[in-house]
2 protein chains.
Amino acid sequence: MGLRERKKLAAWRTIRSTALRLISERGFDAVSVEDIAAEAGVSRTTFFSYFPSKEAVAFEFDPLDLQRWRTLLEDDVDDDDRPLWEALTDLFVDVARLLSEWLPVQKRVVADCPGLANSARGSCDSFAPDLRAWIGRRLTDDDELRTALVFNTALAAFMTAVEVWDPDDSLDELLELVRTCLRWAGAGLAHPVS
Amino acid sequence: MGLRERKKLAAWRTIRSTALRLISERGFDAVSVEDIAAEAGVSRTTFFSYFPSKEAVAFEFDPLDLQRWRTLLEDDVDDDDRPLWEALTDLFVDVARLLSEWLPVQKRVVADCPGLANSARGSCDSFAPDLRAWIGRRLTDDDELRTALVFNTALAAFMTAVEVWDPDDSLDELLELVRTCLRWAGAGLAHPVS
DNA sequence: ACCGAAAGCTGAACTGAGTACAAGTTCTTA
DNA sequence: TAAGAACTTGTACTCAGTTCAGCTTTCGGT
């Protein structure tokens, strides 16, 4: 990793952590991009060269987390023998683990500024496409509809777990919630389960 | 309905249809709120008194549709004897019928301006809360998790149908897709269905 | 039909997000 | 170490969204 790349990641992280600090102190609306840039020691222009919008700085994933996530997917692609939904469940458990630091922050930001709920959803867009492709590869029949349905439903189940989870509770509770939600969604919601 | 209310609805519709026309002509980004207001014969300020944002004008539902939707829910609340998931499926079929004019427009707008995908999701927020409450009422046990899961999953299935549907195809195809998606999601996705 | 109150409309002036660009600085590589 | 690519910065701009004071229209009671 050359000097240039290292500096870039460092700048990214400085800007992001500064932003999160200010936002959690004053609230999202009360912090301007100007403020963040100044506090992080870069220009407004530079801020926008790192993040496409003010919202992005609050919701984008760390590049390294993203890389870890891709690795996770590639490692898992080999054992085609496991049932899809089982593998999917484990995958989401891993995602939850990966995002364990991240989720409480997100939830706090969204809680005090509900208008950001949409952007929060959008934050999944950075890792979701890979997952979708992964599902498509695993579903032998080349069924567009089924791929989309499995993907969207599994994601909805995951989001439900995140939504219901109380950040004050332990990480294990979240992981258990994720497993429960995916089990229910996989087993069928038409008939009540115990 | 007094004169005041009638005028208001009329203005709402004028602004909205003007906006949609301009947007479909020039694309979302190439139309300013100024343009829309001018073309609709109101001031910029008035525009923002009707719609909270430029995006909202492209995605908010017609007040009358919303009212019809609420009626639909109330009518359906009586027959508690039908299985929940069946009632839910019919409900979404009705929603699809209600939005049949609307969906193709949405899809076109989003297609030529992908950044709006999040806002498009948000458009469900106007009718979703009612649905969620409805589900909560139907689930006898007062289970927060289960309510959220059923709601999110059903919505995801519905969105999948919309996503896969080609607006050039007939409305019946959409309705059939909605039924298929909800059936699959309800029956359980863990095991492949024919 | 009239009047006071309430609701709606408007223009002006403001803040802040996001973009474009030209000029300067720092890293890379040959 | 020199040429060039990549990064940073200030400036100047457009446009979304808010606030507010003053005007017009509608409403309800008389």
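A note on names: the letters A, B, ... follow the listed sequences, proteins ahead of strands, and every chain is numbered from 1. Remember, predicted model here, so these are calculated numbers, not experimental data.
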Between A:K54 and A:T45, who's closer to the 5' end of DNA chain C by nearest nucleotide? A:K54
For atom CG of A:D35 and atom C1' of C:dA17, their distance in whole Å: 13 Å
Can you confirm if the NZ or CZ of B:K54 lies within 45° of the ring axis of B:F47 and under 6.0 Å from the centre of its six-membered ring? no
Would you check if A:P167 and A:L103 make a side-chain contact, meaning some heavy-atom pair closer than 4.5 Å? no
Show the numbers, then the answer: is there a salt bridge (charged side-chain N to carboxylate O under 4.0 Å, His left out) between A:R21 and A:E39? CA-CA 10 Å; A:R21 183 169 52 78; A:E39 190 84 7; 3.2 Å; yes
Tell me what A:F47 touches on the nucleic acid: a base, only sugar-phosphate, or nothing, going by heavy atoms under 4.0 Å. nothing
Measure from CD on B:E34 to P on D:dG17 and round the result to the nearest Å. 14 Å
Quickly work out the A:R4 CZ to C:dT29 P distance and round it to whole Å. 9 Å
Side-chain donor/acceptor contact of A:R44 with base of D:dG10 under 3.5 Å: no
Below 4.0 angstrom from OP1 or OP2 of D:dT9, is there any side-chain N or O of A:T46? yes
Decide whether B:L171 and B:V93 are clustered together by the hydrophobic rule: side chain heavy atoms of Ile, Leu, Val, Met, Phe, Trp, Tyr closer than 4.5 Å, transitively. yes
Assign A:S32 to base, sugar-phosphate, or nothing according to its heavy-atom contacts below 4.0 angstrom with the strands shown. sugar-phosphate
Over how many whole Å does the gap from B:I36 atom CD1 to D:dG17 atom P extend? 10 Å
Find the distance B:F48:CZ to C:dG8:C1' and express it as a whole number of Å. 17 Å
Could you check B:K7 against B:D29 and say which one's nearest nucleotide on DNA chain D is further toward the 5' end? B:D29
Nucleotide C:dG18, atom P - distance to CZ of B:F28 in whole Å: 13 Å
Run the numbers on A:E5 and A:K8 for salt bridge (charged side-chain N to carboxylate O under 4.0 Å, His left out), then give the verdict. CA-CA 5 Å; A:E5 238 178 321; A:K8 206 161 186 206; over 6 Å; no
I need the CG-P distance between A:L116 and C:dA17, as an integer number of Å. 13 Å
Contact under 4.0 Å: A:Y50 side-chain N or O vs D:dT8 OP1/OP2: yes
Along DNA chain D (nearest heavy atom to each residue), the more 5'-positioned of B:V31 and A:K8: A:K8
Can you sort out which residues in residues 9-24 of chain A have a heavy atom within less than 4.0 Å of DNA chain D? Ascending by number, please. none
May I ask you to decide if A:A96's main-chain N or O and A:W102's side chain share a donor-acceptor pair within less than 3.5 Å? no
Test: A:R132 and A:E144 ion pair at under 4.0 Å: yes
Output the rounded distance in Å from CG (B:L3) to C1' (D:dT25). 9 Å
